[in-house]
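On a predicted model such as this, the values are computed, not experimentally measured, just so you know. Both backbone and side-chain heavy atoms feed into the values below; hydrogens, waters and symmetry mates do not.
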Amino acid sequence: MDRGWLHLTTARLELRPFADADAAELLRLFQNPAVRRYLLDDLIVTQDWVVEEIESSRARFGGGTLGMWAVRASDGSEIIGFVGFRPFFDPPELQLLYGLLPDCWGQGLATECAGAACDCAFNVLGFETVRAATDLPNTASVAVLHRLGMSLDRTTDEGEAGTAFFSIVRATWLSSEAREETPSK
């Protein structure tokens with residue numbers, strides 16, 4: 001399979017798979033208190049964790065599925081966020097995951113990069129369903145998932161404040177007018 005699909009661009013963003021050279025920037029991103037607030041139960045991650053995430057993501061991409069992308073502004077500057085798919089829960093299930101530095105919030109960038117990741121999942125790899133979960137109090141993430149056309153499947157009392165589980169199926173994504181408004185490649 002042509003690996004050109006690994007690099008995605010949108011109107012304002014460049015998405016490249018996590019790389020070894022990104023480790024220091026990704027550590028700063030994942031350790032940012034505002035970024036980690038609803039991520040991984042607010043765990044303060046280590047450099048070793050970041051290296052393992054880079055390797056795990058690379059293995060998922062190499063195995064023909066989706067991993068994680070570092071998100072940069074189109075000018076190729078420093079990493080401002082991440083987006084992609086990572087296994088969560090038991091049994092493990094790929095979930096859409098994204099986050100941006102606080103300076104980038106409120107500009108539609110989360111919807112833009114998450115939309116590009118979903119578009120790749122459905123149109124390049126033929127996923128039938130994309131799933132995502134977020135803490136119930138994370139209203140900004142809930143809003144992004146709704147803008148992507150995802151439906152709330154259920155809520156649980158998992159985690160500190162409860163978890164909301166969302167999904168969207170391929171047919172809905174492909175027919176969605178909202179998808180047409182979400183820049184992808």
Here the gap from Leu145 atom CG to Asn138 atom CG, rounded to the nearest 0.5 Å, amounts to 8.5 Å

| query | After noting the C-alpha distance and the side-chain angles of Met150 and Leu96, does the key distance pass the side-chain contact (heavy atoms from CB on, under 4.5 Å) rule? | reply | CA-CA 11 Å; Met150 290 193 164; Leu96 175 65; 4.1 Å; yes

**Study point:** Pairwise side-chain contact, Trp69 with Cys120, heavy-atom cut-off 4.5 Å (strictly under)
**Key:** yes

Q. Do Phe122 and Val169 come close enough that some side-chain heavy atom pair is under 4.5 Å?
A. no

Val130 and Ala121 have their tightest heavy-atom pair at CG2-CB, 3.9 Å

Kindly confirm or rule out a cation-pi arrangement of Arg28 over Phe30, judged by NZ or CZ under 6.0 Å from the six-membered ring centre and within 45° of its axis? no

Practice task
Measure from the side-chain N and O atoms of Ser57 to the backbone N and O of Gly67, and report whether any donor-acceptor pair falls under 3.5 Å.
Solution key: no

(message) Go through it in stages, so that I can follow the logic: the residues are Leu66 and Arg60, the test is side-chain contact (heavy atoms from CB on, under 4.5 Å), and I'd like the CA-CA distance, side-chain angles, deciding distance and then a yes or no.
(response) CA-CA 6 Å; Leu66 292 176; Arg60 287 192 307 277; over 6 Å; no

Practice problem: Kindly say whether the aromatic ring centers of Phe85 and Phe127 come within a distance under 6.0 Å. | Solution: yes

NE2 of His146 to OG1 of Thr139, rounded to nearest 0.5 Å, is 10.5 Å

Could you go through the side-chain contact (heavy atoms from CB on, under 4.5 Å) check for Ile168 and Thr129 one step at a time? CA-CA 6 Å; Ile168 186 168; Thr129 305; over 6 Å; no

Open item on the list: If you define the side chain from C-beta out and look only at heavy atoms, does anything of Pro102 sit under 4.5 Å from Val35?
Closed with: yes

For residues Tyr98 and Val144, determine if any side-chain heavy atom of one lies less than 4.5 Å from a side-chain heavy atom of the other. yes

Hydrophobic cluster identity match, Val45 and Phe18, side-chain contacts under 4.5 Å
yes

Kindly indicate whether the side chain of Ser56, heavy atoms from C-beta on, has any atom under 4.5 Å from the side chain of Arg86.
no

Could you walk me through whether Arg72 and Asp22 satisfy the salt bridge (charged side-chain N to carboxylate O under 4.0 Å, His left out) test, starting with their C-alpha distance in whole Å, then the side-chain angles of each, then the deciding distance to 0.1 Å, before giving a yes or no? CA-CA 11 Å; Arg72 291 181 167 83; Asp22 298 332; 3.2 Å; yes

Item to complete: Please check if the side chain of Glu14 supplies one atom and the backbone of Thr10 the other of a donor-acceptor pair under 3.5 Å.
Response: no

Worksheet item: Glu78 side chain to Glu25 main-chain N or O, any donor-acceptor pair under 3.5 Å?
Response: no

Which of Ile80, Val83, Leu8 passes side chain to side chain contact (heavy atoms under 4.5 Å, CB included) with Leu13? Answer is Ile80

For this session: Report yes if the side chains of Phe166 and Asp153 come closer than 4.5 Å at any heavy-atom pair, otherwise no.
Result: no

To the nearest 0.5 Å, atom CG of Leu174 lies from atom CG of Asn123 at 5.5 Å

Distance col, row Gln95:CD vs Arg131:CZ, nearest 0.5 angstrom, shows 7.5 Å

- Assess whether side-chain contact (heavy atoms from CB on, under 4.5 Å) is satisfied between Ile44 and Arg36, documenting all intermediate values. CA-CA 8 Å; Ile44 299 174; Arg36 74 167 199 269; 3.5 Å; yes

The reported gap from CG in Leu109 to CG in Leu101 (rounded to nearest 0.5 angstrom) is 11.0 Å

Residues Glu112 and Ala11: closest non-hydrogen pair is OE2-N, 3.4 Å

* Validation row: Val71, Ile79 side chains within 4.5 angstrom (heavy atoms) -> no

Closest non-hydrogen atoms of Cys113 and Leu15, given as atom of the first, atom of the second and distance, are O-CD2, 4.0 Å

Test item: Trp173 and Asp119 side chains (from C-beta on) under 4.5 Å apart, heavy atoms: yes

Closest non-hydrogen contact found for Leu39 with Leu97 is CD1-CD1, 3.5 Å

Here the pair of heavy atoms bringing Gln47 nearest to Ala23 is NE2-CB, 3.2 Å

Check your understanding: Going by distance alone, is a donor N or O of one side chain under 3.5 Å from an acceptor N or O of the other, for Arg147 and Thr111?
Key -> yes

From the list Asp48, Thr46, Ile54, side chain to side chain contact (heavy atoms under 4.5 Å, CB included) with Val50 holds only for Ile54

Let me check something: do Phe61 and Leu125 share a hydrophobic cluster, defined by ILVMFWY side-chain heavy atoms less than 4.5 Å apart, either directly or through other members? yes

Heavy atoms of Cys118 and Leu148 approach each other most closely as SG-CD1, 4.4 Å

key: Any donor-acceptor pair under 3.5 Å from Asp135 side chain to Pro137 backbone   = no

| task | Verify, without hydrogens or angle tests, whether Ser175 (side chain) and Ala171 (backbone) share a donor-acceptor contact under 3.5 angstrom. | result | yes

Here the gap from Asn32 atom CG to Leu27 atom CG, rounded to the nearest 0.5 Å, amounts to 11.0 Å

| Are Phe88 and Phe165 close enough, and set up right, to give a ring-ring contact (aromatic ring centres under 6.0 Å, His included), and what steps lead you there? | CA-CA 12 Å; Phe88 285 96; Phe165 293 85; over 10 Å; no

